[in-house]
2 protein chains.
Amino acid sequence: MRKITDRQKQVLDYISDFIDEHAYAPSIRDIQNHFGLKSTKGVKDHIDRLVEKGYLNRAEGTARALEVIGNGRKASRKIPLVGTVAAGLPLLAEENIEDYIPVTADMARTEGMFFLRVNGDSMINAAILDGDLVLVRPQPFVEQGEIAVVRIGDEATVKRFFRFNTRVELLSENPDYKPIVYYDDDEDIRIVGKVTAVYRTLE
Amino acid sequence: MRKITDRQKQVLDYISDFIDEHAYAPSIRDIQNHFGLKSTKGVKDHIDRLVEKGYLNRAEGTARALEVIGNGRKASRKIPLVGTVAAGLPLLAEENIEDYIPVTADMARTEGMFFLRVNGDSMINAAILDGDLVLVRPQPFVEQGEIAVVRIGDEATVKRFFRFNTRVELLSENPDYKPIVYYDDDEDIRIVGKVTAVYRTLE
DNA sequence: GATATATGTAAACATATGTATAGGTAGGAG
DNA sequence: CTCCTACCTATACATATGTTTACATATATC
């Protein structure tokens with residue numbers, strides 16, 4: 001990234017902080033006042049440089065349309081957390097959404113991703129504990145042995161997924177639990193998606 | 001929360017999506033055009049209602065100063081990820097910052113929090129794996145047995161922390177590792193902070 | 001020394017944008 | 001029926017805001 005001057009960095013930092021605080025960008029005159037300048041031109045010069053050097057995005061002819069690039073301001077997406085869905089899908093009905101959790105945009109490239117709260121300790125040996133949140137990417141198939149969210153009847157569970165010809169095995173990562181075996185005849189089993197991340201809060 | 005009409009919800013959703021996409025709020029005329037309206041007044045009415053009902057914040061006399069409240073648009077903070085800091089602190093020097101990771105604001109109320117990449121499998125029985133990211137809240141003490149980041153000499157490690165009189169024990173959650181014991185005479189050990197969350201990405 | 005860049009003042013200008021006034025239609029609540 | 005609210009058109013106004021022209025000073029670079 002091209003170098004910027006101290007003054008330019010001051011301006012960039014101010015814009016960043018302002019956006020963090022207000023959820024919208026400062027106007028040129030906001031910046032002017034903050035630095036005690038007596039003309040808008042100086043500010044515009046700084047912004048022009050910052051845009052040229054790739055530190056800012058600006059939509060022309062638009063008020064407060066500054067966007068800080070990089071430097072910790074990468075886009076983040078809010079993913080819905082559907083509660084402990086014991087009582088079946090559809091998951092994403094608004095009533096089921098407990099909360100929204102931000103993740104970096106590159107973790108959520110796919111549409112329709114969601115967080116699910118894990119219920120029980122059946123995946124304890126895969127380092128997934130009761131109460132952990134798993135990020136799920138919806139997809140109809142997974143690779144052999146990957147951790148998947150599977151819908152069985154009206155329940156959603158997290159298991160390692162294996163397929164042998166017509167037989168499907170769902171393995172827990174806990175010796176106390178036995179494998180769950182299904183055959184293709186059984187219609188009431190379907191892969192919901194693949195677990196792509198695990199979030200846990202302590203205390 | 002007070003009820004809103006279908007139309008009001010459409011407007012609110014559009015504003016939300018617009019902000020997600022552009023990082024700044026739509027103007028009244030942006031909204032007007034999107035819904036194909038022929039006057040700005042209708043839009044202003046909707047926004048007025050949404051502000052009254054607590055779904056929007058608005059800074060008066062200011063362009064594009066809409067902020068969506070609640071409903072999945074909770075504030076998020078970006079926390080720096082300092083790499084695998086084998087070679088000691090200071091952690092937050094800019095050169096060490098690998099990335100920034102968003103978390104919900106209520107997870108990061110304290111200043112100075114950071115993510116640390118865990119090195120090794122010594123905490124495997126606490127469901128923390130090699131490569132996991134732990135969110136650390138800086139604090140000089142932790143409760144008995146809590147998982148802490150501890151600086152020993154120039155290295156930072158994640159361990160369960162116990163104190164018995166003048167003796168400090170750092171326990172791994174892995175039978176292959178022996179407890180690390182220190183005495184108060186040893187000056188080169190210090191609690192960096194407490195582990196408050198664990199983030200893992202699969203695949 | 002000449003040239004370029006960073007930084008700034010001063011004064012306008014053009015327009016993007018929020019706001020207001022006047023009014024209309026439809027549907028529900030009392 | 002009457003009143004209120006939701007929702008919309010049409011037009012105008014005030015100002016917040018981005019942009020431009022002209023000029024000045026200091027510092028670094030060649």
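FYI, side chains are in, hydrogens and waters are out, and symmetry mates aren't considered; it's all heavy atoms of this structure. A note on names: the letters A, B, ... follow the listed sequences, proteins ahead of strands, and every chain is numbered from 1.
- Taking side-chain N and O atoms only, B/Arg29 has no distance below 4.0 Å to OP1 or OP2 of C/dA16.
- Under the 6.0 Å cut-off for aromatic ring centres, A/Tyr199 and B/Tyr199 qualify, their centroids lying closer than that.
- Counting any heavy atom pair closer than 4.0 Å across all strands shown, B/Gly61 reaches sugar-phosphate atoms only and no base atom.
- Ranking C/dT19, C/dT7, D/dT20 by closeness to the A/Lys44 side chain, first place goes to D/dT20.
- Of the N and O atoms on the side chains of B/Asp13 and B/Ser16, not one donor lies less than 3.5 Å from an acceptor on the other residue.
- Contact annotation: A/Arg7 reaches the phosphate of C/dG8 (side-chain N/O to OP1 or OP2, under 4.0 Å).
- For C/dT7, one of the phosphate oxygens OP1 or OP2 lies less than 4.0 angstrom from a side-chain nitrogen or oxygen of A/Gln8.
- Using a 4.0 Å cut-off between a side-chain N of Lys or Arg and a carboxylate O of Asp or Glu, B/Glu173 and B/Arg160 qualify as a salt bridge.
- Judged by atom type and distance alone, B/Thr40 does not reach the base of C/dT17 through any side-chain donor-acceptor pair under 3.5 Å.
- Look at CD1 on A/Ile28: it is 19 Å from P on C/dA11, rounded to the nearest Å.
- The B/Arg58 side chain lies nearest to C/dT19 when the options are C/dT9, C/dT19, C/dG8.
- Regarding contacts with the backbone of C/dT7, a side-chain N or O of A/Thr5 is found under 4.0 angstrom from either OP1 or OP2.
- Between the CD1 atom of B/Ile15 and the C1' atom of C/dG18 there is a distance of 14 Å, given to the nearest Å.
- Close to C/dT7, at under 4.0 Å from its OP1 or OP2, lies a side-chain N or O of A/His46.
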